[in-house]
Amino acid sequence: MKKLKFFDSTLRDGSHAIKHSLSKQTIADYCAKMDNAGMDAIIVGHGNGLGASSLQTGLSTLSDADMLITAREHLRKTSLGAFLIPGYGTIRDDLAPAIDMGVDLVCVAAHCTEANVTRQHIEYVKSKNKSAFGVLMMYHMAETQVLVNEALKMQDYGADGVIIMDSAGASTPELVSKTIRSLKRSLAIDVGFHPHNNLGLAVGNAYVAYENGADIIDATVKGFGAGAGNCQLEAFIALLQKLGIETGVDLYALFDVGDQIIEPVWAGGKSINSISIVSGMSGVFSSFVPHVKAASAQFNVDEKDIFIELGNRKVVGGQEDMVVDVAMNLAQRRKNNLVEDMISSLQ
């Protein structure tokens with residue numbers, strides 16, 4: 001089996017966990033210490049990627065330029081990666097400047113049934129002689145053959161690989177195994193997996209992906225990320241080393257950056273709490289958590305009920321405005337039930 005590649009999204013997905021407040025110093029220190037650690041790429045930016053800083057998704061403390069330029073100054077051996085979701089970021093305003101700033105690799109992401117929106121962006125990245133990877137988000141929402149068809153589109157657009165993203169942490173090992181095997185049979189390019197930990201399965205699912213032929217694991221140090229966090233990179237590397245699998249990664253370097261750089265900015269870290277679990281069960285993107293908490297407090301409805309209803313509606317990233325609508329409906333439904341109970345008691 002060929003060597004597994006590692007994409008480090010600590011400075012991108014981790015941004016969700018601290019309300020997009022990464023500092024230049026944190027980015028500089030992290031990249032300087034990780035440059036020799038054996039990562040294939042370090043992906044940097046707002047949690048939702050280039051151009052995504054907004055009131056809806058969260059305002060970033062730093063601009064895309066501040067983050068990318070700082071990272072570029074401290075990465076000499078490791079590729080600098082950026083993340084882009086068409087609709088948040090554009091070629092002219094976001095992607096072209098990022099490449100001019102020294103980005104080597106771009107992950108272009110779309111909902112798992114909408115690969116067609118990535119065509120222009122993938123083709124643009126390749127026209128600039130940079131690496132392009134298609135990302136299919138919320139992959140649990142599509143049948144396996146649909147995922148294969150969408151991934152084949154990205155391959156046709158020129159992507160160097162396709163990464164499936166378990167955005168809601170809703171994967172079972174069986175689903176990971178089935179999906180990775182099907183993609184590997186159908187694609188001539190790399191296949192990657194980005195796990196989330198809502199059900200406590202991120203490291204296990206990453207290993208299942210590897211066993212079934214995944215070429216790339218996209219993870220974060222300390223599991224730093226949205227919701228219950230991501231696959232904890234150092235735990236996964238330790239597992240591979242325990243099994244005698246060569247990784248080319250400096251595990252102690254990961255321990256050091258986790259303890260010295262990430263832990264101080266991620267006070268207390270994240271645990272798998274009830275909301276994380278319900279998010280995973282419902283198949284709702286973990287970044288909805290702060291919106292759900294706010295709506296729960298405003299309308300006095302249970303956070304868990306909001307997540308379950310959001311899951312019933314099959315919401316995806318970018319539909320955060322539906323959280324308030326769901327909370328209002330739940331509150332009204334409760335009020336109607338109380339009135340009906342009162343009427344029944346009088347009859």
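Quantities reported herein were computed from a predicted structural model and do not represent experimental measurements.
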Mind checking whether [X] and [Y] have side chains closer than 4.5 Å, heavy atoms only?
X      : Y      : answer
Val162 : Val135 : no
Val208 : Phe193 : no
Ile245 : Gln241 : no
Arg334 : Leu330 : no
Asp302 : Ile306 : no
Val191 : Ile216 : no
Leu68  : Val103 : yes
Leu4   : Phe236 : yes

Backbone N or O of [Y] within a donor-acceptor pair of the [X] side chain at under 3.5 Å?
X      : Y      : result
Asp160 : Ala132 : yes
Ser279 : Ile275 : no
His46  : Asn48  : yes
Asn230 : Asn197 : no
Ser177 : Pro173 : no
Glu150 : Ala115 : yes
Ser9   : Arg12  : no
Asp325 : Asn329 : no
Thr220 : Gly225 : no
Gln56  : Gly58  : no

Is it true that the side chains of [X] and [Y] contain a donor and an acceptor less than 3.5 Å apart?
X      : Y      : result
Ser23  : Thr26  : yes
Thr78  : Asp35  : yes
His196 : Asn205 : no
Thr57  : Tyr88  : no
Asp321 : His291 : no
Asn36  : Lys77  : yes

| Does the ring centre of Phe7 sit less than 6.0 Å away from the ring centre of Phe133? | yes
With a 4.0 Å cut-off on N to O distance, would you call [X] and [Y] a salt bridge?
X      : Y      : answer
Lys293 : Glu303 : yes
Asp100 : Lys128 : no
Lys5   : Asp190 : yes

| query | Which side chain to side chain donor-acceptor pair (under 3.5 Å) pairs, counting each pair once, include a residue from residues 161-174, with sequence neighbours left out? | reply | Tyr139-Ser171, Asp166-Ser171
| said: Run the side chain to side chain contact (heavy atoms under 4.5 Å, CB included) test on Glu309 and Asp305 for me, step by step, so that the C-alpha distance in whole Å, both residues' side-chain angles and the decisive distance to 0.1 Å come before the verdict. | reply: CA-CA 6 Å; Glu309 182 59 25; Asp305 290 340; over 6 Å; no
| message | If you count every heavy atom of other residues, nucleotides or ligands that lies below 6.0 Å from Met281 atom CE, does the total exceed 12? | response | no
| More than 12 heavy atoms from other groups under 6.0 Å of CD on Gln319 | yes
| Under the side chain to side chain contact (heavy atoms under 4.5 Å, CB included) criterion, do His194 and Ile164 qualify, and how do the steps go? | CA-CA 6 Å; His194 173 93; Ile164 60 166; over 6 Å; no
| message | My understanding is that only residues two or more places apart in sequence, or in another chain, count here; which of them pass side chain to side chain donor-acceptor pair (under 3.5 Å) with Glu123? | response | Arg119
Do [X] and [Y] land in one hydrophobic cluster if side-chain heavy atoms of ILVMFWY residues count as linked below 4.5 Å?
X      : Y      : value
Leu147 : Val117 : no
Leu59  : Leu11  : no
Leu183 : Val146 : no

Atom pair [atom1]/[atom2] of [X] and [Y] - distance to nearest 0.5 Å:
X      : Y      : atom1 : atom2 : result
Met67  : Leu62  : CE    : CG    : 6.0 Å
Asn149 : Thr113 : CG    : OG1   : 11.5 Å
Phe299 : Lys335 : CZ    : NZ    : 12.5 Å
Lys242 : Leu239 : NZ    : CG    : 8.5 Å
Cys112 : Glu143 : SG    : CD    : 10.5 Å
Lys314 : Asn312 : NZ    : CG    : 8.0 Å

| What residues, two or more places apart in sequence or in another chain, satisfy salt bridge (charged side-chain N to carboxylate O under 4.0 Å, His left out) together with Asp215? | Lys2, Lys184
| request: Before giving the answer on side chain to side chain contact (heavy atoms under 4.5 Å, CB included), spell out for Phe6 and Thr247 the whole-Å C-alpha distance, their side-chain angles and the decisive distance to 0.1 Å. | output: CA-CA 9 Å; Phe6 297 99; Thr247 64; 4.1 Å; yes
Heavy-atom pair of closest approach, residues [X] and [Y]:
X      : Y      : result
Lys126 : Ser131 : NZ-CA, 4.5 Å
Ser296 : Val301 : OG-O, 2.5 Å
Val284 : Gly311 : CG2-N, 3.5 Å
Ser15  : Leu22  : CB-CD1, 4.3 Å
Ile85  : Phe83  : CG1-CE2, 3.7 Å
Ile217 : Ala209 : CD1-CB, 4.2 Å

| Worked check of salt bridge (Lys or Arg N to Asp or Glu O under 4.0 Å) between Arg72 and Asp104 | CA-CA 10 Å; Arg72 180 72 281 165; Asp104 305 299; 2.8 Å; yes
| message | If the test is salt bridge (Lys or Arg N to Asp or Glu O under 4.0 Å), which one of Asp256, Asp8, Asp259 qualifies with Lys222? | response | Asp259
| What class does the angle between the rings of His20 and His16 fall in, given that below 30° is parallel, 30 to 60° is tilted and above 60° is perpendicular? | perpendicular
| request: Would you check, one step at a time, whether the test side chain to side chain contact (heavy atoms under 4.5 Å, CB included) holds for Val292 with Val289? | output: CA-CA 5 Å; Val292 169; Val289 169; 5.8 Å; no
